[in-house]
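A quick write-up on the structure given underneath.
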Amino acid sequence: MDSIRRRSAGGLLFLLLLRCAVAGDPYAYYEWEVSYVSAAPLGGVKQEAIGINGQLPGPALNVTTNWNLVVNVRNGLDEPLLLTWHGVQQRKSPWQDGVGGTNCGIPPGWNWTYQFQVKDQVGSFFYAPSTALHRAAGGYGAITINNRDVIPLPFPLPDGGDITLFLADWYARDHRALRRALDAGEPLGPPDGVLINALGPYRYNDTLVPPGVTYERINVDPGRTYRLRVHNVGVATSFNFRIQGHNLLLVEAEGSYTSQQNYTNMDIHVGQSYSFLVTMDQNATTDYYVVASARFAADADKLTGVAILHYSNSQGPPSGPLPDAPDDQYDTAFSINQARSIRWNVTASGARPNPQGSFHYGDITVTDVYLLQSMPPELIDGQMRATLNGISYIAPSTPLMLAQLFNVPGVYKLDFPNRPMNRLPKLDTSIINGTYKGFMEIIFQNNATSVQSYHLDGYAFFVVGMDYGLWTENSRGTYNKWDGIARSTIQVFPGAWTAVLVFLDNAGIWNLRVENLDAWYLGQEVYISVVNPEDSSNKTVLPLPDNAIFCGALSSLQKEQSHRFQYSEASQTAQLWKMVFFMAWLVLW
């Protein structure tokens, strides 16, 4: 009888272990080769682009809230590479963020495995290289985080499915030539064209578009509704996005469900992502234009990407002119008013069952205030550089996170000023000393001459205000303290300011940068250090990964091939089953 009971108990434990093994958050495994590919999206001579597994855009990551991703990346380039997961918050895991302050670059010919969880997130994001203007050459792809089944969408599930669109400006010079220009103190100048999903424009105009250009065709069925996930992955250009004859129902921005509003067009700035519901409600006698045109730029006609929306019952090519862009190409008033109209859906559930608006950000006391002022690029020690508060960031050879963990002296200083200083600009590795679980107010003051986008890794911030002129403390009287959208990338117009609030509950060192690649390359970024002073057991930051790459002052710690970890779903599952059977065997005996 005891033997039967023991076996019964062992069988019960086996089932419990099996249930834990099966019911845990799923893993998704990916094997990627990042390499150069040839491309001539605007026609003419082919040039060097960057693809993943030979594709541009790269493979999509389509997962669900709380899934674990294991992405083994082999660097087939001839330069160090890092991929960053734009908008994924990397909770407790800054080691996976893929920027120079947290990671050593993956050397040419090496592979490195990113492993992270998309914890408590939903929405539309993308990945892209963070190194050396590589994003100008491609290397980007979609990250779609779906709701768990127990969390309803705040809109009917689109019966047509998802469509992902990447908007990008394209230079006929490759990323190396763009770097050389910036290193020589020269501006990049206007791009040569605009791409949709890495393809050139449909030949809507025989003068502007040469023959033979391959364009994107989006196939749809009449009467169905589709969720369009649209990302601006360009170098420095804002786009106005629109579809001939169709409304864009905005439903999500970078992981936050929005109050649902119809737009005929939407300005999408560098690094930003939106979801729209689009119903195919036209008579489809012809195809329709899908347009992304440059904003606030000369030669807007030349800088227009055009794809085709093709109904399955369409009778022919699109007709008529392209749908109209906003009236004044240089008028930022339209764009700033449109941005203010984007509001948080406070009653919708996000990644968790509780409504998004249950976090009352407007009632929280601000603990730290940083006014970050940008200026046009200027000469510093003989180099053309871009600054925040008069400091142009110099990336150290030892990443900040490694320097902090190993107590490497002299790598960085926790003395970044919280307001513009009355002194000459300088080069420095100065970072912000954030307060763990503090509530930080950040005001971006754009004293430069072009629209800038700012992105913060590790967090979503609440956009509470934007206006023209210089920010003052009286500007707080205009703040939206109820339904400001929570997102990770926000535009700041020239001669204007944008204010955000962020709850610093994610320990680590996190990159705050301008998304415009030219200014980012020239030093317009900073890092925020967020340390839990009571965390003696490192529970708020995951340990250094076993496959960490060491560089700079810690190069001697690097072991040959220690970066090589081959993950496969089969091997992981086999190990899990071995553990289950072993534990059951222990109980039985």
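In this chain, numbering begins with 1 at the start of the sequence shown.
- A side-chain N or O of T279 and one of T225 form a donor-acceptor pair less than 3.5 Å apart.
- Using a 3.5 Å distance cut-off with no hydrogens or angles, the side chains of Y29 and N68 do not pair a donor with an acceptor.
- For the 3.5 Å distance criterion, the side chains of Q115 and Q96 fail to qualify, holding no donor opposite an acceptor.
- Ion pairing between E79 and R179 holds under the 4.0 Å rule for side-chain N and carboxylate O.
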Pair R487, E252 - check salt bridge (Lys or Arg N to Asp or Glu O under 4.0 Å), show working. CA-CA 10 Å; R487 62 189 309 171; E252 179 246 336; over 6 Å; no

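- Of the N and O atoms on the side chains of Y454 and Q524, at least one donor lies less than 3.5 Å from an acceptor on the other residue.
- Residues N66 and D25 bring no donor and acceptor atom of their side chains to less than 3.5 Å of each other.
- At a cut-off of 3.5 Å, with distance as the only test, a side-chain donor of E525 or N511 sits close to an acceptor on the other residue.
- Using a 4.5 Å heavy-atom cutoff, the side chains of Y459 and W510 are in contact.
- Between the side chains of N146 and N62, a donor-acceptor pair is found at a separation under 3.5 Å.
- Evaluation of the ring pair (Phe, Tyr, Trp, His ring centres under 6.0 Å) rule for W170 yields no partner, not counting sequence neighbours.
- Of the possible donor and acceptor atoms, none in the side chain of D457 sits under 3.5 Å from a partner among the backbone N and O of V99.
- Summarising the geometry of L178 relative to L133, their closest heavy-atom pair is CB-CD2, 3.6 Å, with the distance given to 0.1 Å.
- Taking the six-membered ring wherever Trp is involved, the centroid distance between the rings of F126 and H231 falls below 6.0 Å.
- In this model, a donor atom of one side chain and an acceptor atom of the other lie less than 3.5 Å apart for S314 and D287.
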Kindly determine whether S275 and S124 satisfy side-chain hydrogen bond (donor to acceptor under 3.5 Å, both in side chains), including the steps that lead there. CA-CA 7 Å; S275 280; S124 309; 2.9 Å; yes

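- For H86 and Y127, the ring centers sit 6.0 Å or farther from each other.
- C551 has its side chain out of reach of Q558: every pair of non-hydrogen atoms, C-beta onward, lies at least 4.5 Å apart.
- Taking the centre of each ring, H269 and F493 come in below the 6.0 Å mark.
- At a cut-off of 3.5 Å, with distance as the only test, no side-chain donor of S453 or T489 sits close to an acceptor on the other residue.
- In summary, the side chains of R74 and N72 do not present any donor paired with an acceptor at a separation below 3.5 Å, with no hydrogens or angles considered.
- The side chain to side chain contact (heavy atoms under 4.5 Å, CB included) search around D78 returns Y36, R176, not counting sequence neighbours.
- In this structure, R295 pairs ionically with D267, as a charged nitrogen and a carboxylate oxygen lie closer than 4.0 Å.
- Atoms CG and OG, on L388 and S374 in that order, are 6.5 Å from each other to the nearest 0.5 Å.
- Looking only at atom types and distance, the side chain of E216 has a donor-acceptor partner in the side chain of N197 under 3.5 Å away.
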